[in-house]
**Student:** 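Provided herewith is a single structure, encoded as structure tokens, for subsequent inquiry.
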There are 2 protein chains.
Amino acid sequence: MSTSTNRLEKSEVYVKVDVCIFAINEDLKVLLIKRSIPPDKEVWALPGAFVKKEETLEEASIRVLKKKAGIFENLYLEQLYTYGEIERDPRGRVITVAYFALVDSEKIKISENADWHSVYELPSLAFDHGKIVKYALQRLKNKLEYTAIALDILPENFTLTELQKVYEVILGEKLDKRNFRKKIFSMGIVKPTDKYQLGVHRPARLYTFKRDLKSKKIPGFRWTKMEL
Amino acid sequence: MSTSTNRLEKSEVYVKVDVCIFAINEDLKVLLIKRSIPPDKEVWALPGAFVKKEETLEEASIRVLKKKAGIFENLYLEQLYTYGEIERDPRGRVITVAYFALVDSEKIKISENADWHSVYELPSLAFDHGKIVKYALQRLKNKLEYTAIALDILPENFTLTELQKVYEVILGEKLDKRNFRKKIFSMGIVKPTDKYQLGVHRPARLYTFKRDLKSKKIPGFRWTKMEL
DNA sequence: TCAAAAGTGTTAAACGTACACCCATGA
DNA sequence: TCATGGGTGTACGTTTAACACTTTTGA
């Protein structure tokens, strides 16, 4: 392949996207697919697809999300890293652009050969997908501290206890209720509504996300959405 | 293209690497190449190359670095982001994996059609390279605060004033000498040697990097090298 | 009336920030 | 001896972390 011509020869380098889809359900889960074809037949892997000529990387990821996890809203999707080791896929020179997504597991119908797995009890994965999940988890934890990412998987209205649960499950540790609330308020990312929970023992106040702050710098945050 | 066969058809999706090479020299500079061929002939662009079948993404980046900036040591290289918009390159569906590098400009011989440009006075760039530089700069600033990245472009021994200059140039602001030293020491990333500068008015003590800490969590740092 | 989760403040320690002078050296 | 950059400490405000009891409600 040469840059000195306007005509590009066909390439033997292939581009995939693989998506690490996280959901919260008791603990932190990842959606895996049991491969039905070689290579690594019958081995669990991240859902993925080859990128088509006429779709962006993000569109390819969304195609994967729709196919493997049903159509849904309240989705957080972010590019993670691009893996380009030469021998990572036996079929050829396959480069994968990894994405991670955070979804509300209640809103999803997963496909037949897919299943949720706790990030703390993962089977061994096909290709280099184990490495990808590990890195995605690290990134997710980091982002939680500086961004409003947790709000992307909560419904429009939520209680502070629900928000705290999201943090606890992702970070894998218990948090102090008073300190947590203090932190969230000082970030200024939520505002109270005048609504309350229904049908529970003692209804908690419902909060909502201050959407206008989504793309602004938030005190205590380093960034919210990366500007690319 | 299909995943259901072991034979992959040739692809019309192409993969490049583009490298945003930073150096420090009065202020923060980026290495740009004046394109000699269409598209965007005569326009400044990031140095880049199509990825060969038998090289990793990082190897391709290093090939670019060697060709455009001479061979050198003391190099920091990190993957930045992968750009996959459909129309970003008129030659076809070209996806670029952007890298950024931090080098010591004194150790470099740049190629003929290349030149350093201050990040504060950039010309308009080919393709979406302006966006890439902007993001690389943001990432560089962020990493400076949490990692020992600055040490990668200093020689084995350096003075604290030299280290501070690196921070000041990248962040684009003056720092307080006492607070800066306090911070660096509390990070525990440098250790004093018993050597001193030569040939200057008043020789300063030389410090060196605590290499054993390179991959450990450092207090005040969120991470040093990302584990992938 | 009881069980369960909601809600609410204070204190101490660590950290970040602003700020100015003396010292050692080579010219 | 002087000009230059090297080196050092303190005080204040902010942020973080540890910690426990009262309130409200539905069953």
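Each chain gets a letter, A, B and so on, in the order the sequences are listed, and its residues count up from 1. Fair warning: this is a prediction, and the values are worked out from it, not measured in the lab.
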**Student:** Could you check how far CD1 of B/Ile184 sits from C1' of C/dG16, rounded to whole Å?
**Tutor:** 14 Å
**Student:** What about B/Lys182: does its side chain form a donor-acceptor pair under 3.5 Å with the base of D/dT10?
**Tutor:** yes
**Student:** Taking only residues two or more places apart in sequence or in another chain, which ones pass side-chain hydrogen bond (donor to acceptor under 3.5 Å, both in side chains) with A/Ser118?
**Tutor:** A/Asp27
**Student:** Does A/Phe158 have its ring centroid less than 6.0 Å away from the ring centroid of A/Tyr207?
**Tutor:** no
**Student:** Between D/dT16 atom C1' and A/Phe185 atom CZ, what is the distance in whole Å?
**Tutor:** 17 Å
**Student:** Under 3.5 Å between N/O atoms: give me all the protein pairs with nucleotides 20-22 of chain D, atom names plus distance.
**Tutor:**
{"unit_1": "D/dA20", "atom_1": "N1", "unit_2": "A/Arg178", "atom_2": "NH1", "d": "3.3"}

**Student:** I'd like to check the side chain to side chain contact (heavy atoms under 4.5 Å, CB included) partners of A/Glu173; sequence neighbours left out, ordered by chain and number.
**Tutor:** A/Leu171, A/Leu175
**Student:** Could you tell me which residues satisfy salt bridge (Lys or Arg N to Asp or Glu O under 4.0 Å) with A/Arg88, sequence neighbours excluded, listed by chain and number?
**Tutor:** A/Asp128
**Student:** To the nearest Å, give me how far apart CG (B/Leu175) and P (C/dA18) are.
**Tutor:** 11 Å
**Student:** Can you name the salt bridge (Lys or Arg N to Asp or Glu O under 4.0 Å) partners of B/Lys68, sequence neighbours left out?
**Tutor:** none
**Student:** Ignoring hydrogens and angles, state whether a donor on the side chain of A/Tyr83 or A/Glu85 is under 3.5 Å from an acceptor on the partner side chain.
**Tutor:** no
**Student:** To the nearest Å, how far apart are B/Phe180 CZ and D/dG9 P?
**Tutor:** 18 Å
**Student:** So which protein N/O to nucleotides 24-27 of chain C N/O distances come out below 3.5 Å?
**Tutor:**
{"unit_1": "C/dG26", "atom_1": "O4'", "unit_2": "B/His201", "atom_2": "O", "d": "3.1"}
{"unit_1": "C/dG26", "atom_1": "O4'", "unit_2": "B/His201", "atom_2": "ND1", "d": "3.2"}

**Student:** Any base atoms under 4.0 Å from A/Thr161, or only sugar-phosphate, or nothing? Heavy atoms, all strands.
**Tutor:** sugar-phosphate
**Student:** Would you kindly give the CD-to-P distance between A/Gln197 and D/dG26, to the nearest whole Å?
**Tutor:** 12 Å
**Student:** With sequence neighbours excluded, what pairs up with B/Lys174 under the salt bridge (Lys or Arg N to Asp or Glu O under 4.0 Å) test?
**Tutor:** B/Glu168
**Student:** If I take atom CE in residue B/Met187 and atom C1' in nucleotide C/dC15, what distance separates them, rounded to the nearest angstrom?
**Tutor:** 13 Å
**Student:** How long is the line joining CG of B/Leu160 and C1' of D/dG7, in whole Å?
**Tutor:** 10 Å
**Student:** Listed by chain and number, what are the salt bridge (Lys or Arg N to Asp or Glu O under 4.0 Å) partners of B/Arg202, not counting sequence neighbours?
**Tutor:** none
**Student:** Could you pick out which residue, A/Arg205 or B/Asp176, lies toward the 5' side of DNA chain C when each is mapped onto its nearest nucleotide?
**Tutor:** A/Arg205
**Student:** Sequence neighbours excluded, which residues qualify as side chain to side chain contact (heavy atoms under 4.5 Å, CB included) partners of A/Lys195?
**Tutor:** A/Asn157, A/Thr193, A/Leu206
**Student:** What's the CD-C1' distance between B/Glu145 and C/dC15, to the nearest Å?
**Tutor:** 14 Å
